[in-house]
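To start, I am sharing the structure in question, which I have written as structure tokens.
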Amino acid sequence: MAAQRPGGTGHGRYAEQERTHRPGRHNMYVKVTAPFSRATIRTRIMWTIILVASVALATSGAAVWMLDLRSTHADIDDRLVLTRQELRRLADTGIDPVAGTPLSDPAQVLQTYMGNSVLGSGEGQLGIVDGAVRLVSAAGIDMRPETDPELVGQLLTLADADASSITTVETAQARYRVLVVPITDGTTSAALVRTVDLTAAEAGIWRTMRLYAAAAAVTVVLVTALAWLSIGRLLRPIWELRNATESIDERDLTTRVRVRGRDDLSALAAAVNRMLDRVQRAVEAQRELLDDVGHELRTPITVVRGHLELVDPHDPEDVRQTSELALDELDRMGTLIDDLLDLARSSQSDFVTPEPTDIEALTLQVFDKACALGDRDWQLGGCASGTAVLDPARITQAWLQLAANAVKYSEEDSRVVIGSEINGSELFLWVEDEGIGIAPEDVERIRLRFARTAAATRHASGAGLGLSIVESIVEAHDGRLAISSEVGRGSVFTLRIPLTTADETRSAQQKESD
């Protein structure tokens, strides 16, 4: 075990070094990326555009520079190859093309060729005979290779070779592209040297690249300015979205984001607005529920408490009456709580669960159930045939609530008609009674929670939540409750629900899944 301790210590020391080293790298990474992570989206996009534009322009510039440089060198080599071919042709013929006299030795060949050749800008030449520079360019030629001793020394070495060569020679003064063409007749050896100043030849390329760099810099500046303005307009919905969400609190839920166009950001703004609508409805429903609970439950609790405090425990009749009153109030409170919970749930997305429903079967079921609500002259006014997509349980609840109201506010043996029909693109489900009726000015008021007319209050007790529940169910089906009434003659309550077939529902679900 002792022999393993050094190894174990070494391993532990290595692991400790790794632990102390890695946080350093992590901290360095955090320090580098932290400023960028704190930057705004606009700044990040701007830097990304600048980086992409700079890389693209730099890559294009490098490609242009390489192509121009390669083209310039290829052109120089082509001219040097042509020079070699012309010299070889003159040496093979051995005749002066101007005077027509024969050329006796390689020195005369070089002299004749150099006298008749035309040099371009940045080009020079000289003739080497028997290992020494014997011929130079005429006066007026700017490029004088003989003035660069280092170049001359390398040219003399190349002239000793048996074959011609094209190579690059770099000296302290300049860089040259050099052609050396040796010729000999067995007695005299000579060599033509043609030089091209690469620095001068490449000067035009560097001028072009400087102009390109200036144009690229101006382009980046213009792209930056245009991108800054364009990104500002593009991200305006996000800023408005942020301002809208920051301005929303429990006291103000009405702020919405302005939707512009039909792009992705506009779709995001519309989605946020829909979310805010749901939040507003949920908060308002919560407030209404708290207000309703506080308003409606306080009275029965007070009544029960007051009677319990005054009950005489030694009087059986008083105990019985107080117990019946308390149970009656508790039953009323239970019914009220159930109604309030239904109204609270109406703002939830799963309040209704639509499914393909047979309208005729639903109508007959509701009619059978309604007949048990009271002693009335129940009549089936119509029965539509077909299938509609709706929540049969909730529709039954709303329909029976209307039937219960008809019983509550009408006399015994009076006529109550229940029926259904399809009218265009809507499904009509109605209840018609011969009750007390509703005054025109009260038709809209009775839709409110806990709102009841004076005639209704005198005729029957109630909390005034029935129609609110009915309307919440109809609105959850994207429909509306229509009320037609005449005081003393009766009322007609109609659930008007948009008609959606099962095939249309499946098609919509398929599109959503796609």
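Sequential numbering from 1 along the given sequence is applied to the chain's residues.
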Check: Are the side chain of Ser230 and the backbone N or O of Ala227 linked by a donor-acceptor pair below 3.5 Å?
Finding: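 No.
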Notebook entry, point to check: Looking at residues at least two apart in the chain, or sitting in another chain, which of them share a ring pair (Phe, Tyr, Trp, His ring centres under 6.0 Å) with Trp65?
Noted result: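 Ring pair (Phe, Tyr, Trp, His ring centres under 6.0 Å) check on Trp65 returns Trp206.
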Margin query: Checking Glu475 now: which residues fulfil salt bridge (charged side-chain N to carboxylate O under 4.0 Å, His left out) with it, not counting sequence neighbours?
Written below: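 Residues passing salt bridge (charged side-chain N to carboxylate O under 4.0 Å, His left out) with Glu475: none at all.
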Notebook entry, point to check: Arg415: what forms a salt bridge (charged side-chain N to carboxylate O under 4.0 Å, His left out) with it, not counting sequence neighbours?
Noted result: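 Per chain and number, Arg415 pairs via salt bridge (charged side-chain N to carboxylate O under 4.0 Å, His left out) with Glu432, Glu434.
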Next item on the list: Check whether any side-chain N or O of Ser323 sits under 3.5 Å from a backbone N or O of Val319 as a donor-acceptor pair, and report yes or no.
Entry: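 It does not hold such a pair.
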Check: Rounded to the nearest 0.5 Å, how far does CD of Gln401 lie from OG of Ser468?
Finding: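 The distance works out to 10.0 Å.
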Item checked: Side chains of Thr494 and Leu402 in contact at under 4.5 Å (non-hydrogen atoms) ->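 Contact flag for Thr494/Leu402 side chains = no.
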Checklist line | Criterion side-chain contact (heavy atoms from CB on, under 4.5 Å) on Arg305 and Glu309, from CA distance to verdict | finding: CA-CA 6 Å; Arg305 181 181 181 88; Glu309 289 177 348; 3.1 Å; yes
Check: Can you tell me if CG on Leu222 sees more than 12 non-hydrogen neighbours from other groups inside 6.0 Å?
Finding: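 Counting neighbours around CG of Leu222, more than 12 heavy atoms of other residues, nucleotides or ligands fall under 6.0 Å, so yes.
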Item checked: Tyr212 side chain to Leu57 backbone, donor-acceptor under 3.5 Å ->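 Yes.
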Next item on the list: Could you tell me which residues satisfy side chain to side chain contact (heavy atoms under 4.5 Å, CB included) with Arg207, sequence neighbours excluded, listed by chain and number?
Entry: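 Checked Arg207 against side chain to side chain contact (heavy atoms under 4.5 Å, CB included); matches are Ala203, Arg210.
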Notebook entry, point to check: Can you check whether Ile50's main-chain N or O pairs, donor with acceptor, with Ser54's side chain at less than 3.5 Å?
Noted result: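 Looks like yes, one N/O pair under 3.5 Å.
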Margin query: If you apply the rule side-chain contact (heavy atoms from CB on, under 4.5 Å), what do you find for Glu426 with Ile497, and how did you get there?
Written below: CA-CA 5 Å; Glu426 286 185 313; Ile497 302 172; over 6 Å; no
Next item on the list: Under the side chain to side chain donor-acceptor pair (under 3.5 Å) rule, what do Arg177 and Thr168 come out as? Steps first, then yes or no, please.
Entry: CA-CA 5 Å; Arg177 191 65 173 168; Thr168 299; 2.6 Å; yes
Next item on the list: State whether the side chain of Arg480 and the backbone N or O of Val474 hold a donor-acceptor pair below 3.5 Å, judged by distance alone.
Entry: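 Between the backbone of Val474 and the side chain of Arg480 there is no qualifying donor-acceptor contact (under 3.5 Å).
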Check: Is Asp478 close to Pro498 at the side-chain level, that is, under 4.5 Å between some pair of heavy atoms?
Finding: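 Yes - at least one pair of side-chain heavy atoms lies under 4.5 Å apart.
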Next item on the list: Work out which heavy atom in Thr396 is nearest to a heavy atom in Leu362; give both atom names and the distance.
Entry: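 Between these two residues, the closest heavy atoms are OG1-CD1, 3.3 Å.
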Check: With side chains defined as the heavy atoms from C-beta onward, is the minimum distance between Leu495 and Ile473 less than 4.5 Å?
Finding: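 Heavy-atom side-chain distance check fails, nothing below 4.5 Å.
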Check: Would you say the side chain of Leu467 lies within less than 4.5 Å of the side chain of Phe493, judging by non-hydrogen atoms?
Finding: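 A side-chain contact under 4.5 Å exists here.
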Margin query: So does Glu355 get a backbone contact from the side chain of Thr357, meaning a donor-acceptor N/O pair under 3.5 Å?
Written below: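 Answer holds: yes.
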Margin query: Please check if the number of heavy atoms outside Arg320 that lie under 6.0 Å from its CZ is greater than 12.
Written below: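 Yes - once you tally the heavy atoms of other residues, nucleotides and ligands closer than 6.0 Å, there are more than 12.
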Next item on the list: Decide if atom CE of Met66 counts as having more than 12 heavy atoms of other residues, nucleotides or ligands within a radius under 6.0 Å.
Entry: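 Incorrect, the count does not exceed 12.
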Notebook entry, point to check: Checking Asp68 side chain against Ile205 main chain: does a donor-acceptor pair fall under 3.5 Å?
Noted result: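 Answer holds: no.
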Margin query: Within the 4.5 Å heavy-atom criterion, are Glu324 and Leu327 side-chain neighbours or not?
Written below: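 No, side chains not in contact.
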Margin query: Before you tell me yes or no, could you show the steps for Glu317 and Gln321 under side chain to side chain donor-acceptor pair (under 3.5 Å), namely the whole-Å CA-CA distance, both residues' side-chain angles and the distance that decides it to 0.1 Å?
Written below: CA-CA 6 Å; Glu317 182 63 21; Gln321 292 179 356; 3.1 Å; yes
Next item on the list: Provide the closest heavy-atom pair for Gly424 versus Leu499 in the form atom of the first, atom of the second, distance.
Entry: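 Gly424 and Leu499 have their closest heavy atoms at O-CD2, 4.3 Å.
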Note to self: When you compare the side chain of Ser491 with that of Ile483, does any pair of heavy atoms fall below 4.5 Å?
What the structure shows: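 Ile483 vs Ser491: side chains apart.
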Check: Which atoms form the tightest heavy-atom contact between Asp391 and Val352, and what is the distance?
Finding: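 For Asp391 versus Val352, the nearest heavy atoms are OD2-CA, 3.3 Å.
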Notebook entry, point to check: Can you tell me if Asp358 uses its side chain to pair, donor with acceptor, with the backbone of Ala361 under 3.5 Å?
Noted result: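 Yes; at least one donor-acceptor contact below 3.5 Å.
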Next item on the list: Any pair with a residue in residues 365-386 that passes side-chain hydrogen bond (donor to acceptor under 3.5 Å, both in side chains), sequence neighbours left out, goes on the list, sorted by first then second residue, please.
Entry: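 Those involving residues 365-386 are Arg376-Ser410, Asp377-Gln379.
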Notebook entry, point to check: Closest approach of Val407 and Gly374, non-hydrogen atoms and distance?
Noted result: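 Reported closest heavy-atom pair: CG1-CA, 4.1 Å.
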Margin query: Would you compute the distance between atom CZ of Arg175 and atom CD of Glu202 and round it to the nearest 0.5 angstrom?
Written below: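 Answer for the CZ-CD pair, Arg175 versus Glu202, is 4.5 Å.
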Check: With a 4.5 Å limit on heavy-atom distance, are the side chains of Val492 and Val431 in contact?
Finding: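 No - every pair of side-chain heavy atoms lies 4.5 Å or more apart.
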Item checked: Nearest non-hydrogen partners of Ile231 and Ile49, listed with the distance ->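 Ile231 and Ile49 have their closest heavy atoms at CD1-CD1, 3.6 Å.
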Notebook entry, point to check: Who pairs with Val55 by side chain to side chain contact (heavy atoms under 4.5 Å, CB included), at least two apart in sequence or on another chain?
Noted result: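 Here the qualifying residues are Leu51, Thr59.
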Next item on the list: Using the side-chain contact (heavy atoms from CB on, under 4.5 Å) rule, take Trp399 and Thr363 through it: C-alpha gap first, then chi angles, then the decisive distance, then the call.
Entry: CA-CA 9 Å; Trp399 210 347; Thr363 304; 3.7 Å; yes
Check: Is the closest side-chain heavy-atom distance between Leu429 and Glu421 below 4.5 Å?
Finding: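 With C-beta onward as the side chain, the pair stays apart.
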Check: Of the non-hydrogen atoms in Ala384 and Ser420, which two are nearest, and what is the gap between them?
Finding: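 Result for this residue pair: N-OG, 3.0 Å.
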